[in-house]
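These notes are about the structure you will find just below.
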Amino acid sequence: MPEQQPQDPGPGALTVKLNALSADECFRSPESVPAPDCEKYVTQVASVPETARRFVDAAGGELNRAADELASGIAAYRDNGCAQGGGRPCSTALTDIATALEAVRREVSALPDVTTQPS
């Protein structure tokens with residue numbers, strides 16, 4: 001018997017993940033946390049742009065722009081070797097990630113079928 005694909009949990013599940021990520025110190029104080037300490041956070045955030053883009057039809061262009069900005073911040077963190085060191089480019093990348101993550105969170109939480117409340 002073929003396995004059925006799991007049902008897409010929808011934007012409510014993404015909202016839960018976004019709320020959890022927004023509690024991370026790397027989100028709340030990106031300029032004061034050493035960049036290497038945020039490697040796990042960035043890895044967890046990395047799936048958000050693609051996941052968020054699944055809801056662009058319902059949310060519109062702002063969500064797509066926020067997802068693009070988030071992906072750019074993640075790429076900057078990785079391209080600058082921030083997991084191995086720090087410096088101004090890494091602090092900027094973490095700040096950009098936090099700003100874009102908040103924008104994605106705001107757009108996703110406004111979707112009509114989100115059943116969880118943002119924190």
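From a predicted model like this one, the values you see are computed outputs, not experimental measurements. Because only heavy atoms are used, hydrogens play no part in the values below, and waters and symmetry mates are left out as well, while side chains stay in.
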If I take atom SG from residue Cys26 and atom CG from residue Asp37, how far apart are they, to the nearest 0.5 angstrom?
7.0 Å

May I have the list of side-chain donor-acceptor pairs in residues 86-95 shorter than 3.5 Å, sequence neighbours left out?
{"residue": "Thr92", "atom": "OG1", "partner": "Arg88", "partner atom": "O", "Å": "3.1"}
{"residue": "Thr95", "atom": "OG1", "partner": "Ser91", "partner atom": "O", "Å": "3.0"}

Which distance, rounded to the nearest 0.5 Å, do you find between the CG of Leu18 and the CD of Glu102?
9.0 Å

If you take all heavy atoms of Val104 and Ala67, which pair is closest and at what distance?
CG2-N, 3.8 Å

Is the side chain of Asn80 donor-acceptor paired with the backbone N or O of Ala76 at a distance under 3.5 Å, no angle test?
yes

For Val33 and Tyr41, run side-chain contact (heavy atoms from CB on, under 4.5 Å): C-alpha distance rounded to whole Å, both residues' side-chain angles, the deciding distance at 0.1 Å, then the answer.
CA-CA 11 Å; Val33 179; Tyr41 163 77; over 6 Å; no

Looking only at side chains, do Arg105 and Thr15 share a donor and an acceptor under 3.5 Å apart?
no

Side-chain touch Pro49/Ile74, heavy atoms, less than 4.5 angstrom:
yes

SG-SG distance between Cys82 and Cys38 under 2.5 Å?
no

Mark yes or no for whether Ser109, through its side chain, and Arg106, through its backbone, hold a donor-acceptor pair below 3.5 Å.
yes

Here the pair of heavy atoms bringing Ser22 nearest to Arg28 is O-CG, 3.5 Å

Considering all heavy atoms, the nearest Leu111-Pro11 contact:
CD1-CB, 3.6 Å

Is it true that, when you exclude Glu50 itself, more than 12 heavy atoms of the residues, nucleotides or ligands shown sit nearer than 6.0 Å to its CD?
no

Hey, is Arg53 close enough to Asp68 for a salt bridge, meaning N to O under 4.0 Å?
yes

Measure the shortest side-chain to side-chain distance between Leu21 and Phe27 over non-hydrogen atoms and say whether it is less than 4.5 angstrom.
no

For a side-chain hydrogen bond (donor to acceptor under 3.5 Å, both in side chains) check, start with the C-alpha distance between Thr51 and Lys17, then their side-chain angles and the critical distance, and finish with the verdict.
CA-CA 11 Å; Thr51 304; Lys17 180 175 184 166; over 6 Å; no

Does Tyr77 reach the side chain of Glu39, with side-chain heavy atoms less than 4.5 Å apart?
yes

